[in-house]
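Below is one structure; the comments refer to it alone.
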Amino acid sequence: MMDHLVESMNDKNSAPSRLVEERLDEIRRVMGKADEDPLRIVGVGAGAWGSVFVAMLQENYGRFRGKASVRIWRREGRAIDKSTAEHLFEVINSREELLRRLIRRCAYLKYVEARLGDRVLYADEILKDGFCLNMIETPLCPLKVVTNLQEAVWDADIVINGLPSTETFQVFNEISKYWKERVTAPVIISLAKGVEAEFEPHPRIVTPTQMIYRATGIPLENILYLGGPNIASEVYNKEYANARICGSEKWRKPLGKFLRQSHFIVWDNSDLVTHEVMGGLKNVYAIGAGMVATLTKESATSKSVYFAHCTSEMIFITHLLAKEPEKLAGPLLADTYVTLLKGRNAWYGQKLAKGELSLEMGDSIKGKGMIQGVSAVKAFFELLNQSSLSLQHPEEGKPVTPAELCPILKMLYRILITREFSCEAILEALRDETMNDPRELIEIAHSHLFFQPWLLGQKP
C-alpha cells in the first residue's frame, strides 16, 4: 500500500505528463528496457542533495508505474533526538497540506508521540514520509526507502551517488559484491563533491568517480558527475536552477534530457575532471568565505577580495591537473559563487568564526550532515605540498611546491587541520601586503609550467 502511495504522488508543478513520459520512454529505449521491465532508479545515500535529487525523480517519473521505479537507500538505526523531533513536529503543524498528508497516511501519531518523548523516531523512518534529517524544514514527497543495501542496488539501472566522498569507496566496494553476476553494467551519476589524496606509489588526487570505478570495475563511460549552482532546498522548492552532467557522450546526452525539468535545466559537458575537482575545491574555499563574511560583518569589499584570490587559486589548481580545463565561467563560476554564498560549508565557516561551533565537534554536524570541505582542505594541501612536486618559480627562481603559491589554501589548512591559528588568521592571509595580484597566479597556471597529469593518474 505504501509503495502505491509513493509511486502515485504527482507534483502539480511538474512538466506536462505526456512530455515527461516521452523522456522516460526515450531513456528506457536507450538503456534497452523491455516493455514489462521498469527502469530502476536507486539513490545511495540520503543527505540533503541526494534526497532532493531522488525526490525530484520520484515526483517526475514515479507516477508511471510499470515503467519506472524509484527508491533510496540509507542506513538504518540513526535515532532522532528529542529536540529534532520537537522541531519536526512544529514544521508539520505549520503546514496544513503536510499535516493532512500525514493524517491520510496514518503517520501523524508517531510524530505526536515523539514530540512527547514517548517514542523514538529513526532517520530512515521519517524519510519514508519525506523528511530528510539534514533538511527538516523542507519536506519532500514520500519516498520508498530501503535499508538493505543489497536489496536496494542489485538490479538498479541508474544509481545516484549521494554519499560524501569520504564514504563513497567503502559503500561502492560493498555494492560491487552484489553486481558480480550482472550481465549489463548500471549507469552511475555521482553527486559527491569532494576528493581524497593518496601518496603511494606517487601523489595523486582521487575523485568520487574514480573511487566508484576502483571499487566496482564499472566501465568509466558509465560513471558520470552532476554538479551545478544550486542549493538543495531551493531546487526542491522550484527555484530556477541549472546543472551540468559530465562524462561520456554515450550517456551524458540522453541522461541530460532525462533529468531536465522546467525549473531544473541540465546541460552536458565532456570535461568531467575539471567539474569534479572544482566541486571539491569550491567546498574548500566556501569555509573561508564564511569566516571572512562573519569576521568582516558581511563587508562586500572584503568578500570580493577573498573571491578574487580564491578563484585564482582554484584556476591554478585545476591547471595542475588538466592541460586545458574548462574555464571558471558560466555554470562553473556560478556553482562556486552560490557555494561561497550560502552552502553548508560557508555556513560552517560562519559558525566557526562566531564561536558557535568548534573544530573538536568534528565535521559531521547535526542537521547539516558532512562538511566535505574539511577533508578536501586536507587532501588538496597535503597533496600539493609534496616536495616531489616542487618546480622553479618563474619569477623568484627558487623551488616551490604548488601549495606555497596558494596562501588561502595554506591558511585554511593551518586553521582547520593543524589548528595552529584561529579563524581570524584568514583575514591576516587575505591582507598580507606581500600577496601577489591574483592575475599573476592565473598567468602561471596558463603557462602550463606546473601541469602534472600524473596527479590524476593520467599519462604525461
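No hydrogens, no waters, no symmetry mates; every other heavy atom, side chains included, goes into these values. Small disclaimer: the values here were computed from a predicted structure and weren't measured.
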Quiz item: Picking from Ile442, Thr318, Thr311, what satisfies side-chain contact (heavy atoms from CB on, under 4.5 Å) with Leu328?
Solution: Thr311

Quiz item: Can you find a heavy atom in the side chain of Pro142 that is under 4.5 Å from one in the side chain of Asp129?
Solution: no

Quiz item: Short question: side chain of Arg344, backbone of Lys368 - any donor-acceptor pair under 3.5 Å?
Solution: yes

Quiz item: Are any of the side-chain nitrogens in Glu97 or Arg101 under 4.0 Å away from the carboxylate oxygens of its partner?
Solution: no

Quiz item: Between Arg18 and Glu21, is there a side-chain N and carboxylate O pair less than 4.0 Å apart?
Solution: no

Practice problem: Please check if any side-chain donor atom of Glu324 sits under 3.5 Å from a side-chain acceptor atom of His319, or the reverse. | Solution: no

Exercise. Compute whether any side-chain donor of one residue and acceptor of the other, for Glu313 and Tyr285, lie under 3.5 angstrom apart.
Key: yes

Quiz prompt | Whether Trp49 and Phe53 hold their rings parallel, tilted or perpendicular, with breakpoints at 30° and 60° | solution = perpendicular

Exercise. Might you work through the salt bridge (charged side-chain N to carboxylate O under 4.0 Å, His left out) test for Arg214 and Glu198, ending with a clear yes or no?
Key: CA-CA 14 Å; Arg214 287 183 176 187; Glu198 61 182 31; 2.8 Å; yes

Practice problem: Return the minimal non-hydrogen interatomic distance between Leu384 and Pro402, and the atom names on each side. | Solution: O-CD, 3.2 Å

Practice problem: Give a yes or no on this: more than 12 heavy atoms of other residues, nucleotides or ligands lie within 6.0 Å of atom NZ of Lys110. | Solution: yes

Self-check item: Any donor-acceptor pair under 3.5 Å from Asn237 side chain to Glu239 backbone
Solution: no

Practice problem: Would you confirm whether Glu151, through its side chain, and Asn148, through its main-chain N or O, come within 3.5 Å as a donor-acceptor pair? | Solution: no

Quiz item: Looking only at heavy atoms, what is the nearest atom pair of Ile212 and Thr216, with distance?
Solution: O-OG1, 2.7 Å

Quiz prompt | Met361 CE to Lys366 NZ distance, which is reported to the nearest 0.5 Å | solution = 9.5 Å

Self-check item: Leu416 side chain near Ile287 side chain, heavy-atom distance below 4.5 Å
Solution: yes

Quiz item: Any side-chain heavy-atom pair from Cys141 and Tyr236 closer than 4.5 angstrom?
Solution: yes

Exercise. Heavy atoms only: give me the nearest Pro438-Ala308 pair and the separation to one decimal.
Key: CB-O, 3.8 Å

Quiz item: Heavy atoms, side chains only, cut-off 4.5 Å: are Met31 and Arg28 in contact?
Solution: no

Exercise. If a pair satisfies side chain to side chain donor-acceptor pair (under 3.5 Å) and one of its residues is in residues 402-417, list it, with sequence neighbours excluded.
Key: Glu382-Tyr413, Thr401-Glu404, Arg414-Glu420

Exercise. Working to the nearest 0.5 Å, report the span between OG of Ser390 and CG of Asn385.
Key: 8.0 Å

Self-check item: Lys33 side chain vs Pro38 backbone, donor-acceptor pair below 3.5 Å
Solution: yes

Exercise. Check whether any side-chain heavy atom of Val235 sits under 4.5 Å from a side-chain heavy atom of His263, and report yes or no.
Key: yes

Self-check item: Ring centroid separation Tyr240 to Phe264 under 6.0 Å
Solution: no

Exercise. Look only at the side chain of Arg78 and the backbone of Arg75, and say whether a donor-acceptor pair between them is shorter than 3.5 Å.
Key: no

Quiz prompt | Pairwise distance CD1(Ile72) to CD1(Ile41) - rounded to 0.5 angstrom | solution = 12.0 Å

Quiz item: Got Pro203 and Ser388 here, is their nearest side-chain heavy-atom distance under 4.5 Å?
Solution: yes

Quiz item: Looking at CG of Leu441 and NE2 of His446, how far apart are the two atoms once the value is rounded to the nearest 0.5 Å?
Solution: 10.0 Å

Self-check item: Short side-chain to backbone donor-acceptor contact, Asp124 and Glu76, under 3.5 Å
Solution: no

Quiz prompt | Note: Glu276-Lys282 ion pair, threshold 4.0 Å (strictly below) | solution = no

Self-check item: Heavy-atom closest pair, residues Thr274 and Glu326
Solution: OG1-N, 3.4 Å

Quiz item: Under 6.0 Å from the CZ atom of Arg260, do we count more than 12 heavy atoms belonging to anything else shown?
Solution: yes

Practice problem: Could you check if a side-chain atom of Ile408 sits within less than 4.5 angstrom of a side-chain atom of His309, using non-hydrogen atoms only? | Solution: yes

Self-check item: Salt bridge flag under 4.0 Å for residues Arg244 and Asp268
Solution: no

Self-check item: Closest non-hydrogen atom pair between Leu143 and Ala55, with its separation
Solution: CD2-CA, 3.8 Å

Practice problem: Evaluate whether atom OH of Tyr213 has more than 12 neighbouring non-hydrogen atoms of other residues, nucleotides or ligands under 6.0 angstrom away. | Solution: no

Practice problem: Please check if the side chain of Arg74 supplies one atom and the backbone of Ser51 the other of a donor-acceptor pair under 3.5 Å. | Solution: no

Quiz item: Taking everything shown except Trp347 itself, do over 12 heavy atoms lie less than 6.0 Å from its CH2?
Solution: yes

Practice problem: Output, in order, the C-alpha distance, side-chain angles, deciding distance and verdict of side-chain contact (heavy atoms from CB on, under 4.5 Å) for Asp157 and Val42. | Solution: CA-CA 8 Å; Asp157 298 301; Val42 179; over 6 Å; no

Quiz item: Between Lys177 and Glu174, does at least one N-O distance fall below 4.0 Å, as a salt bridge requires?
Solution: yes

Exercise. Report, as yes or no, whether the 6.0 Å neighbourhood of atom CZ on Phe307 holds more than 12 heavy atoms from other residues, nucleotides or ligands.
Key: yes

Practice problem: Find the distance between CG (Leu24) and CZ (Arg29) and round it off to the nearest 0.5 Å. | Solution: 13.0 Å

Quiz item: So how far is it from Asp37 CG to Lys67 NZ, rounded to the nearest 0.5 Å?
Solution: 13.5 Å

Extract all donor-acceptor atom pairs below 3.5 Å that involve side chains of residues 218-229 and protein atoms in other chains or at least two apart in sequence.
unit_1: Glu221; atom_1: OE2; unit_2: Lys250; atom_2: NZ; d: 3.4
unit_1: Asn222; atom_1: OD1; unit_2: Trp251; atom_2: NE1; d: 3.3
unit_1: Asn222; atom_1: ND2; unit_2: Pro186; atom_2: O; d: 3.1

Quiz prompt | Min side-chain heavy-atom separation Phe172-Asn161 under 4.5 Å | solution = yes

Exercise. Heavy atoms only: give me the nearest Glu196-Ser165 pair and the separation to one decimal.
Key: OE2-OG, 3.5 Å

Quiz item: Can any side-chain N or O of Trp179 pair as donor or acceptor with the backbone N or O of Val153 at less than 3.5 Å?
Solution: yes

Exercise. For Asp363 and Met370, run side-chain contact (heavy atoms from CB on, under 4.5 Å): C-alpha distance rounded to whole Å, both residues' side-chain angles, the deciding distance at 0.1 Å, then the answer.
Key: CA-CA 6 Å; Asp363 53 7; Met370 182 64 66; 3.6 Å; yes

Self-check item: Glu137 CD: over 12 foreign heavy atoms closer than 6.0 Å
Solution: no

Exercise. Output, in order, the C-alpha distance, side-chain angles, deciding distance and verdict of side-chain contact (heavy atoms from CB on, under 4.5 Å) for Phe380 and Ile205.
Key: CA-CA 8 Å; Phe380 277 113; Ile205 282 284; 3.9 Å; yes

Self-check item: Arg252 side chain vs Gly247 backbone, donor-acceptor pair below 3.5 Å
Solution: yes

Practice problem: For Glu181, look at atom CD and say whether over 12 heavy atoms of other residues, nucleotides or ligands are found less than 6.0 Å away. | Solution: no

Quiz item: For Met135, does its backbone N or O pair with a side-chain atom of Thr138 as donor and acceptor, under 3.5 Å?
Solution: no

Quiz prompt | Test applied, side-chain contact (heavy atoms from CB on, under 4.5 Å); reference residue, Leu39; option that passes from Tyr61, Phe258, Phe64 | solution = Phe258

Quiz item: Do Ile317 and Leu409 pass the side-chain contact (heavy atoms from CB on, under 4.5 Å) test, and can you show the C-alpha distance, the side-chain angles, and the key distance before you say yes or no?
Solution: CA-CA 11 Å; Ile317 292 169; Leu409 174 63; 4.2 Å; yes

